[in-house]
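We use all heavy atoms of the structure for the numbers below, so side chains are in, but hydrogens, waters and symmetry mates are not.
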Amino acid sequence: MKIHISGTPKPVDEGDFQYGNIESSYRANTQYFTRDGQPFFPISGEVHYSRLPAERWRETLLKMRACGVNIAATYVFWNHHEKKDRQFNFDGNLDIAAFLRLCQALSMPCVLRIGPWCHGEALYGGLPPRIQRMPGKRTDDECYLTQVRLFWQALYRQVRPFLDGKTIIGLQLENEYTGSTEHLRTLRRLAEQIGFRVPFFTMTAWPSGKPDREFLPMFGGYPDAPWSGGKKALKPNGRFAISPVKTEEEIGSDLLRRAKGSPSDVFDQTPYAFCEIGPGNQVTQHRRPRIGEKDGYGVGFAKLASGANWLGYYMFCGGANPIGRLLQESRLTGYPNNYPILDYDFQAPVSRWGEIRPHGHRLRLLHLFLTSFDPEFPKKQVYFPSCGNAAPTDVSHPQCSVRATADGSGYLFLSAFERGLEYPDFPSFSVDFTLSGKTVSLPPVDVKSGAQFFFPFHLRLGSVLFDYILAQPIAKRTEGNKTVCYFAACEGVAPKCAVGGRENLLSFGHSGNEFGDVVIVLLTMAQAKTFYLLGGQVYFSDTGIYESNGTIVREHQTELPLSLFSLRRIKPRRLPLNYFLYSRERRAYYELRLPENILQSHRDIVLEFTFDGLNLQVFSGKTLINDFFNIDRRFVLHLRDWRAYWQKDPVLILRTAPLTRCGVSHVYHEVPIPLYSNALTLKRAYAIDVKEEAHAAIGFDDSAE
């Protein structure tokens with residue numbers, strides 16, 4: 001099968017944007033972003049400081065950086081900071097100044113999403129109850145704006161030292177706003193009057209679907225839509241499409257009227273940026289999608305292939321709502337979905353506990369490519385086949401695009417993956433690419449069902465001009481007089497390259513393949529997912545690893561005997577918040593007894609359970625400290641975040657509720673869960689510790705598959 005892609009480069013100019021109000025090294029033109037005058041590819045990861053223990057902020061930011069994220073993004077939830085009317089708290093886990101001080105010290109720029117309305121599955125979108133009751137909320141009503149001013153003034157006093165044009169580089173005002181953009185202009189004027197100065201004021205590009213010169217439009221897209229109604233698998237709807245359509249039709253559909261996808265030409269003269277690419281999903285009571293590696297990787301891959309020049313992920317790191325308050329969205333508060341009271345793990349690439357998941361490892365490869373392989377990538381414009389895909393269920397050919405510069409150097413992106421849709425294999429699939437009248441015939445490749453990959457063509461590395469390299473680039477670095485390039489084998493594709501019309505097979509192994517002053521090190525995908533680039537050095541590690549203060553920190557696990565822990569079923573206890581288990585069936589109660597001082601010599605203790613029930617709550621005394629909506633029959637407890645609780649009382653109480661055939665506890669599960677079961681069994685216990693070591697590259701096993 002062969003298809004044709006053609007196009008003419010579009011002019012790029014500075015545009016007449018008024019995104020910022022401060023002199024800064026960050027700028028935007030009509031296609032991409034720059035820093036210090038050079039192309040810059042922002043990769044932002046959402047992490048909510050108020051949903052994480054402050055003592056883990058630094059570690060979390062370092063793990064994000066190890067995954068290739070170069071900007072942190074966070075909501076500022078008004079109701080997290082205002083527990084009592086007009087009394088603002090910025091202490092402990094709410095100390096945003098301390099969080100930004102860390103960002104500044106780590107040279108991790110930050111985008112603050114300051115609302116006032118944020119959503120984020122938070123109660124009233126983060127508005128305090130007194131504001132929620134106001135008839136003029138989210139409008140230019142003077143009474144409402146007076147209250148917004150008071151909160152933003154308090155916030156400004158905390159963040160003022162970081163409005164330096166390089167720490168806080170963006171402010172998002174409002175979120176998913178359905179009214180006139182004039183209200184956003186009012187909010188911007190208010191923020192500016194208070195003193196906020198940033199390179200970028202941003203807005204979500206849905207539901208309006210219209211660009212605005214005063215606000216950088218930022219898009220979104222998720223692998224599933226657990227907020228939608230119904231309890232069946234969703235139909236394929238182009239969630240992983242390589243497409244010129246930018247506004248996803250489903251995002252925000254729980255609260256917004258259905259938006260129509262906007263074609264590329266509507267935003268033709270604005271850089272294509274994202275704030276909410278979903279590498280995961282939060283589960284709702286009625287829908288439990290399980291996000292696998294390709295699900296969590298695939299949306300970001302598709303958006304990059306579709307021309308994105310800012311990848312922004314929501315959430316990149318999971319978290320939990322503050323203990324002791326009901327701050328979650330629920331039907332009791334007038335919203336269409338029920339969420340856990342505390343758990344906001346989001347199946348994110350970095351879990352709420354700090355574990356890097358498989359899609360986090362895959363995304364790291366994509367990010368390293370953008371930041372350390374091709375610094376000119378933002379200049380590469382996107383071109384699509386004229387045939388397109390007729391419908392979300394069209395599997396007649398792979399999804400594809402080319403991103404290339406005017407001289408014909410670029411990358412071919414190919415995908416045969418869509419969640420809930422089975423593509424066939426496409427043997428010997430090839431593309432002819434014509435740019436400004438010059439045609440290049442790209443080599444045929446076998447595209448396997450479910451595959452997602454890209455490869456370069458007409459690419460100069462060192463002093464060598466490659467016709468093509470049939471492998472996916474990861475990173476490059478200089479070693480002496482050699483340019484060493486790391487590539488991963490593409491699924492189902494024989495790895496080879498061509499120089500001057502001569503084709504060469506590529507072999508796996510650490511020694512690499514030499515072409516003049518270029519060395520291509522080819523990795524299997526299993527090896528590639530252990531690849532890190534830290535401090536300019538290459539590391540291979542199948543455990544958590546990151547750089548801190550010039551040293552390498554590696555996590556390692558030590559198995560613990562289950563006999564150290566006692567789990568037994570007990571008689572019912574009188575405990576609060578029973579309603580939020582969302583099941584009318586009989587509860588089960590378990591007592592988990594922990595050894596004294598279990599964390600004295602370990603960084604963390606992890607307990608893994610098999611769990612066949614619907615939902616679960618964990619109590620210390622009568623305080624709810626954790627909850628869980630079952631996704632895959634695997635419940636995990638990390639103990640370090642609750643040290644203050646179990647040091648006072650080493651006994652935790654777990655209350656569970658079962659799945660049923662009907663009613664509130666009849667839900668959609670992708671991993672089947674037994675009916676009417678409360679079974680909970682401790683299966684594994686291990687300690688997590690860390691070891692610091694000097695910079696020294698860690699090798700990999702050449703025989704790894």
Side-chain angles (χ1 to χ4, degrees), residues 43-53 56-57 60-61 63-64 67 69 72-75 77 80 113 118-123 125-126 175-176 220-228 239 248 250-252 254 274-300 311-322 327-330 335 337-363 419 615-616 626-632 634-636 638 641 669-671:
I43 303 168
S44 57
E46 190 92 8
V47 52
H48 295 159
Y49 64 93
S50 62
R51 281 172 161 164
L52 279 177
R56 287 208 287 115
W57 288 345
T60 301
L61 291 170
K63 286 182 175 178
M64 290 171 61
C67 287
V69 172
T74 184
Y75 274 136
F77 293 111
H80 283 202
R113 307 172 79 190
C118 294
H119 201 191
E121 290 68 59
L123 175 67
N175 186 60
E176 301 176 329
Y222 286 86
D224 202 274
W227 55 79
S228 31
R239 301 175 190 92
E248 188 189 87
E250 291 175 326
I251 188 169
D254 52 340
F274 280 85
C275 61
E276 289 195 24
I277 291 172
N281 268 130
Q282 179 72 338
V283 296
T284 60
Q285 162 63 14
H286 65 290
R287 294 193 63 82
R288 312 285 177 96
R290 183 179 182 274
I291 303 304
E293 179 180 319
K294 287 187 175 180
D295 303 325
Y297 172 77
V299 179
L311 296 180
Y313 297 98
Y314 189 98
M315 299 281 296
F316 201 85
C317 302
N321 291 321
L327 291 173
Q328 84 285 11
E329 179 182 319
S330 73
Y335 281 70
N337 303 302
N338 287 317
Y339 289 97
I341 294 173
L342 299 176
D343 183 61
Y344 200 69
D345 177 71
F346 219 84
Q347 302 181 71
V350 179
S351 78
R352 61 176 284 198
W353 315 110
E355 170 196 8
I356 300 178
R357 291 190 165 109
H359 45 297
H361 293 302
R362 280 290 292 272
L363 286 169
R419 184 174 165 86
N615 295 333
L616 176 153
N626 191 32
D627 53 2
F628 176 65
F629 283 11
N630 201 357
I631 303 169
D632 56 5
R634 179 178 176 265
F635 173 59
V636 180
H638 287 242
D641 287 354
H669 275 102
E670 291 184 353
V671 176

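Looking at every heavy atom in both residues, Pro340 comes nearest to Gln282 through CD-NE2, 4.0 Å. When all heavy atoms are compared, the tightest approach of Ala122 to Phe77 is CB-CE2, 3.7 Å. For Thr60 against Cys317, the heavy-atom pair with the smallest separation is CG2-SG, 3.6 Å. In this structure, Asp343 and Asp627 approach most closely via the heavy-atom pair N-OD1, 2.9 Å. In terms of heavy atoms, Ser44 sits closest to Gly312 at OG-CA, 3.1 Å. What you find for Gly360 and Cys67 is that their closest heavy atoms are O-SG, 4.3 Å.
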- Message: side chain to side chain contact (heavy atoms under 4.5 Å, CB included) for Arg56 and Asp641? Distances and angles first, verdict last.
- Response: CA-CA 9 Å; Arg56 287 208 287 115; Asp641 287 354; 2.8 Å; yes

- Please walk me through it: do Tyr222 and Tyr314 pass side chain to side chain contact (heavy atoms under 4.5 Å, CB included)? CA-CA 9 Å; Tyr222 286 86; Tyr314 189 98; 3.4 Å; yes

- Query: What do the steps show when you test Leu363 against Tyr313 for side chain to side chain contact (heavy atoms under 4.5 Å, CB included), and what is the final call?
  - Reply: CA-CA 11 Å; Leu363 286 169; Tyr313 297 98; 3.6 Å; yes

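Side-chain atoms of Asn626 do not come within 3.5 Å of backbone N or O of Leu342 as any donor-acceptor pair. His359 places a side-chain N or O within 3.5 Å of a backbone atom of Gln347 that can act as its donor or acceptor partner. Side-chain N or O atoms of Lys63 include one that pairs as donor or acceptor with a backbone N or O of Gly354 at under 3.5 Å. Using a distance-only test at 3.5 Å, with no hydrogens or angles considered, no donor-acceptor pair links the side chain of Asp345 to the main chain of Ser351. The closest donor-acceptor contact from the side chain of His80 to the backbone of Leu327 lies at 3.5 Å or more, if one exists at all. Although no hydrogens or angles enter the test, the distance criterion places a donor-acceptor pair under 3.5 Å between the side chain of Thr284 and the main chain of Pro226.
Ring geometry, Tyr344 versus His48: the interplanar angle falls under 30°, so the pair is classed parallel (tilted spans 30 to 60°).
Between the CZ atom in Phe346 and the CZ atom in Phe316 there is a gap of 13.5 Å [rounded to 0.5 Å]. To the nearest 0.5 Å, the span separating OH on Tyr335 from NE2 on His119 amounts to 6.5 Å. The NE2 atom of His361 lies 14.5 Å from the OH atom of Tyr297; values are rounded to the nearest 0.5 Å. For the atom pair CD (Glu121) and CD (Glu329), the distance works out to 6.0 Å, reported to the nearest 0.5 Å. Here Cys275 contributes atom SG and Arg113 contributes atom CZ; the two are 4.5 Å apart, rounded to the nearest 0.5 Å. Between atom OH of residue Tyr49 and atom OG1 of residue Thr74 there is a gap of 6.0 Å, rounded to the nearest 0.5 Å.
Phe628 pairs by the ring-ring contact (aromatic ring centres under 6.0 Å, His included) definition with Phe635, not counting sequence neighbours. For Arg51, there are no salt bridge (charged side-chain N to carboxylate O under 4.0 Å, His left out) partners at least two apart in sequence or on another chain.
The closest side-chain donor-acceptor pair between Asn615 and Gln285 falls under 3.5 angstrom. At a cut-off of 3.5 Å, with distance as the only test, a side-chain donor of Asn175 or Tyr75 sits close to an acceptor on the other residue.
Arg362 has a carboxylate O that lies under 4.0 Å from a charged side-chain N of Glu293, or vice versa, which qualifies the two as a salt bridge.
Checking Asp224, Ile631, Asn281 one by one against Arg290, the side chain to side chain contact (heavy atoms under 4.5 Å, CB included) holds for a single residue, Ile631.
You'll find the side chain of Asn337 reaches within 4.5 Å of the side chain of His286, heavy atoms only. Residues Lys294 and Pro223 form no side-chain contact, since every pair of their non-hydrogen atoms from C-beta on lies 4.5 Å or further apart.
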